[in-house]
Amino acid sequence: MERISFQAVEKKWQKYFSKNKLYNEKGKKFYCLEMFPYPSGKIHMGHVRNYTIGDVLARYKFLNGFNVLHPMGWDAFGLPAENASRINNLHPKTWTENNIKIMKSQLKMLGLSIDWNLEISTCDKSYYKHQQEIFIDFYNQGLVSRKETYVNWDPVEKTVLANEQVINGKGWRSNAIVERKKLSQWFFNITKFSEELLNDLETLKGWPEKVKLMQKNWIGKSFGCEINFEVENKKEIIKIFTTRPDTIFGASFIALSVDHPLSKKFKNDNKFLRFKESCNKTGTTEEALANADKLGFNTELFAKHPFLPDKKIPIFFANFVLMDYGTGAIFGCPAHDQRDFEFATKYKLEIIQVVSDGGSQNNKLQEAFTGEGKIINSDFLNGLAVREAKSKIIKKIEEKKIGKSRTLFRLKDWGISRQRYWGCPIPMIYLEDGSVVPVDKSELPIELPENINLNSKGNPLDAHPDWKNTVHKSTGKKALRETDTLDTFVDSSWYFLRFCSPNHKNSPFDQEKINYWMPVDQYIGGIEHAILHLLYSRFFTKGISKFSKDIKFSEPFKNLFTQGMVCHESYKDQSGKWLYPNEVKKINSNSAIKKSDNSKVIIGPAESMSKSKKNTVDPETMINQYGADAVRWFILSDSPPEKDVQWSDTGVVSANKFLQKVWNLNYLISKREEKDIDKKVEVNFISKINSYIFKIDKSINNFRFNVSIALFYEIYKFLKDSVNTKISNKVFVNSLKDIMKLMIPFIPHLAHECLELHNCKNFNNWPKFKKDVLDEIKLAVQINGKTRDIITIKKDLDEKEIFNYITLNSKAKKYLIDKKIGKTIFVKNKIINYILPN
RNA sequence: GCCCUCGUGGUGAAAUUGGUAGACACAAAGGACUUAAAAUCCUUGCCCUUUUGGGAGUGCCAGUUCGAGUCUGGCCGAGGGCACCA
């Protein structure tokens, strides 16, 4: 066996890759982008998977003649740098730069086809300068506003979170229970694009349906109408929003949010204040959210029913009505809304059924009926279907001028102020007269101060002695800087544009360049960004195209691929402490011992690798041990890319062994002695290789890299079995070279080394599949729908010829000879099925 | 509660989109080589049969079809998203 040192070979080809990029000036453009990493310290297996998938595609496209842009950068602002700097007494900048250096060298070890000349880092002032510029442009377009609202406060990170960053009532990163706090904040008015963000989802044909659905639900469009209710004996009018105006005759109460303007009337009412306080408390814990009881505060006021002059409807404040959705007021129709039903039951309010559920009207409802049916008990709406009743009542309401139809979105504006140091400074200043204005663009970038005390209480920039003192350039007046920094999701909302012209000086991007490269042809990353990052990036693209009129695209990512996670079993020792896999010795699939003292280890289920559970495997260790190609090979081989994959050490060991065999076979062929030649054997060999080229090509196009790899195992076996057959060296080597080219995207180092061994000079083309080389096909022979034989015959034979062949040569003949055949189902080149009457 | 996705060997998974179920890999068992081990190679994988063969079989129940892992309806189970959104 001819051995190869992967480490040496990989170093050699990495030098080659760093000089030879994937540019094909004549080719069609292909922008291949993987989500850029946060520089946390070292790369993890999730990165390996993400970037290997991207690399396969980038190289494949290049080999097929595309002009490929394949950049990489760093999502370099963020809280961990501040935490780390407090612990290690390192400046966040130093910490981040060190991490970038390490991770960059690790990524290079993987043999990725990245053009490092395009590298960007979001914490560089050359990057965030342009981000500040975009911010000011957005401000000038009315896409930025400052509002005092209740915000999601993360008590661990001591900062504000956007709605999208709260998962099950907890911070997306800290996992701490989020609190409600009233603060003045900067917002991007993402809701100005609600309709576009929703509608354009339909144009994203290359996105997973699942992600589009998640965004659709998040944007949450609903259609209904506003109705004004007069308050009896008062001047006030309560405006409510409903999607079920057809149930207006079933209205039995009005419910208001405790923050509704009408609450001002009760600001001296202690009972109300106590009620309000209890409402603010619910919602702070997950448990409270889950079993939140419907609570109400009776105002003793009544509203007039807009269509029943004699009817009085009690008005309540209720804990389940939100001020920031709709008008902060609803009418309750208990018969047809489960929440209203619970509320009415609790406070003994009327329950009037107005939509027939088909049952007897005398039966008391046990729960709200929300289905379709005919309207009843509703005057002029009686007999109509729900749908018809909706449009009729809205028309009536508009005629009477007591309301209007309205479309509402669940999506809220994106709060972007963060009380942190390590982020992009917000380029706004506060003048002494109270006005707030953007800084002059000529003053950009507004740089972060280098000297900072991160142990100060509250916002570090605010606590800085003089950073915030400044002067308004055009008036010369004293001013104070905004000391909040931008949410780091802003940094990643436009980096894909910057990659197209990363060194462009005077503006965020070169217009011509982005019109050439954008949109991203293939974007690859984790599903966890289905809403957050992907929605924000879409918003940015739409926002920028508002003031850069010549931009030719309105969506950033043409095709999206969401890869699965890398999982591993977790291990605990007898005392319940987590153990790293390399501290554990596996005995068999369900038992293991601790290496240090041979004590028994408890094996947990395979879960996404995480530092807290220590179920991680270090990519660099693996690369050093088995080679980058073996690591790439394994991570692609075991599961389809969109599903989770379980890391297995035996898996990567066998990948390494297989690659050794691939090298050995190449070496063997390079020394092969010339054989006697049989033309027929050669033709069969070539046609088989040809069909493999077709299959590999197809599997890559379908993102079925695990299938590609299974095929390579088959191909290896086939080639090995063919070594001593009557094939000329020329034919054999040419076929082998084709196969090695197919392997370039997967194992670029070894594939190049093998090609070099065969004196191949051109690494930059993809083998072409020739149609119709194979003129034999496999046909299934069925009797009564059961497969009895598979026969290999000439292509395009007709029914009769096949029947003759079967009765002579097939083991299925015993079913057919001397039998009456009732019916024959024949699908050319696929199947023949004889139905015999019994 | 609402919405979505998925159920195939001991395990990860293939299956030309309605046409050979389990490719390929991991693990296991048996065998060959070896003084032995490692490495390597081969075989096996549910039931009946010594073999040739034959049968059952893709979560469960029904349906459509010459033919269903794939299509339809119902049920069961797992995972994910949203959650007082009016």
Side-chain angles (χ1 to χ4, degrees), chain A residues 1 167-169 208-218 220-222 224 240-245 247 255 257 282-283 289-290 292-295 318-322 324-333 337-340 342-343 367 370 408-412 527 530-531 567 586 588-590 606 633-634 637-640 643-646 648-655 657-658 661 694-695 698-699 704 706-717 778-791 811 822-827 829-836:
Chain A
M1 178 109 171
I167 317 285
N168 290 331
E209 288 303 321
K210 186 173 139 182
V211 175
K212 286 193 275 187
L213 193 71
M214 279 165 76
Q215 292 213 353
K216 188 182 165 202
N217 291 339
W218 188 260
K221 181 178 182 174
S222 52
I240 65 92
F241 174 78
T242 180
T243 56
R244 292 296 302 274
T247 63
S257 158
T282 50
L289 265 175
D293 235 353
K294 306 284 170 286
L295 295 176
N319 64 341
F320 61 89
V321 182
L322 308 171
D324 52 7
Y325 185 79
T327 58
I330 62 163
F331 79 76
C333 176
D337 181 289
Q338 188 56 30
R339 259 178 345 211
D340 297 349
E342 285 167 33
F343 190 81
E367 54 175 19
T370 54
L408 222 57
F409 293 90
R410 207 192 73 111
L411 182 69
K412 284 174 200 144
I527 185 79
I531 293 168
C567 300
K586 282 289 279 278
N588 56 40
S589 61
N590 45 28
W633 186 262
F634 172 72
S637 69
D638 240 27
S639 296
K643 284 182 82 170
D644 288 355
V645 66
Q646 200 182 336
S648 120
D649 282 352
T650 50
V652 74
V653 169
S654 73
K657 284 179 191 163
F658 176 70
K661 291 200 278 182
F694 172 74
K695 284 181 184 171
K698 191 171 153 198
S699 63
R704 312 293 278 176
N706 56 326
V707 177
S708 317
I709 285 182
L711 285 166
F712 282 123
Y713 279 105
E714 262 186 54
I715 295 170
Y716 170 79
K717 218 184 248 171
K778 280 183 178 171
L779 185 111
V781 181
Q782 296 188 340
I783 310 295
N784 292 333
K786 255 197 169 64
T787 305
R788 296 298 176 180
D789 197 12
I790 314 294
I791 53 175
K811 62 183 174 182
K823 192 177 166 189
T824 307
I825 291 106
F826 176 58
V827 183
N829 297 332
K830 248 183 191 171
I831 194 165
I832 191 152
N833 184 8
Y834 298 104
I835 310 304
L836 310 178

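We name chains A, B, ... by the order of the sequence lines, and we start the count at 1 in each one.
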Next on the checklist: Walk along nucleotides 6-16 of chain B from 5' to 3' and tag each nucleotide B, S or - by protein heavy-atom contact under 4.0 Å, base first, then sugar-phosphate.
Outcome noted: ------SSSS-

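The separation between A:K657 atom NZ and B:rA25 atom P is 13 Å, rounded to whole Å. Rounded to an integer number of Å, the gap from CD1 of A:I831 to C1' of B:rG19 is 4 Å.
For the side-chain contact (heavy atoms from CB on, under 4.5 Å) test, residues two or more places apart in sequence or in another chain that qualify with A:L213 are A:N217. Considering only residues two or more places apart in sequence or on other chains, A:D324 meets the salt bridge (Lys or Arg N to Asp or Glu O under 4.0 Å) condition with A:K412. Residues that satisfy the side-chain contact (heavy atoms from CB on, under 4.5 Å) test with A:D789, not counting sequence neighbours, are A:V781, A:I791, A:S810, A:K811, A:A812. Not counting sequence neighbours, the partners of A:F320 by the ring-ring contact (aromatic ring centres under 6.0 Å, His included) test are A:F343. For A:K212, the salt bridge (Lys or Arg N to Asp or Glu O under 4.0 Å) partners are A:E209, not counting sequence neighbours. Taking A:K221 as the reference, A:E195 meet the salt bridge (Lys or Arg N to Asp or Glu O under 4.0 Å) condition, with sequence neighbours excluded. Partners of A:S699 according to the side-chain contact (heavy atoms from CB on, under 4.5 Å) rule, which considers only residues two or more places apart in sequence or in another chain, are A:R704, A:V707, A:S708, A:L711. Listed by chain and number, the residues in a ring-ring contact (aromatic ring centres under 6.0 Å, His included) with A:F694 are A:F769 (sequence neighbours excluded). Scored by the salt bridge (Lys or Arg N to Asp or Glu O under 4.0 Å) test, A:D337 finds A:R339 as partners (sequence neighbours excluded).
Remark: A:Y713 is not in phosphate contact with B:rA25, judged by side-chain N or O atoms under 4.0 Å from OP1 or OP2. Of the side-chain N and O atoms in A:K717, one or more sit less than 4.0 angstrom from OP1 or OP2 of B:rC24.
B:rU52 is unpaired under the criterion used here, namely a Watson-Crick or G-U wobble arrangement in which both key atom distances are under 3.5 Å. B:rC2 is paired with B:rG81 under the Watson-Crick or G-U wobble criterion, all donor-acceptor distances under 3.5 Å. Nucleotide B:rG73 is matched to B:rC61 when pairs are restricted to Watson-Crick or G-U wobble geometry with both distances under 3.5 angstrom.
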Polar atoms only, N or O, under 3.5 Å: list the protein pairs with nucleotides 63-67 of chain B and their distances.
from: B:rC66; atom 1: O2; to: A:N833; atom 2: ND2; distance (Å): 2.3

Produce the list of close N/O pairs, under 3.5 Å, pairing protein atoms with atoms of nucleotides 79-83 of chain B; give distances to one decimal.
from: B:rC82; atom 1: O3'; to: A:R410; atom 2: NH1; distance (Å): 3.0
from: B:rA83; atom 1: OP1; to: A:R410; atom 2: NH1; distance (Å): 2.9

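Classification of B:rU70 as anti follows from a glycosidic angle more than 90° from 0. Glycosidic conformation of B:rG73: anti, with the torsion beyond 90° of 0.
Here the separation of B:rC60 from B:rA14, taken at their C1' atoms, is 24 Å to the nearest Å.
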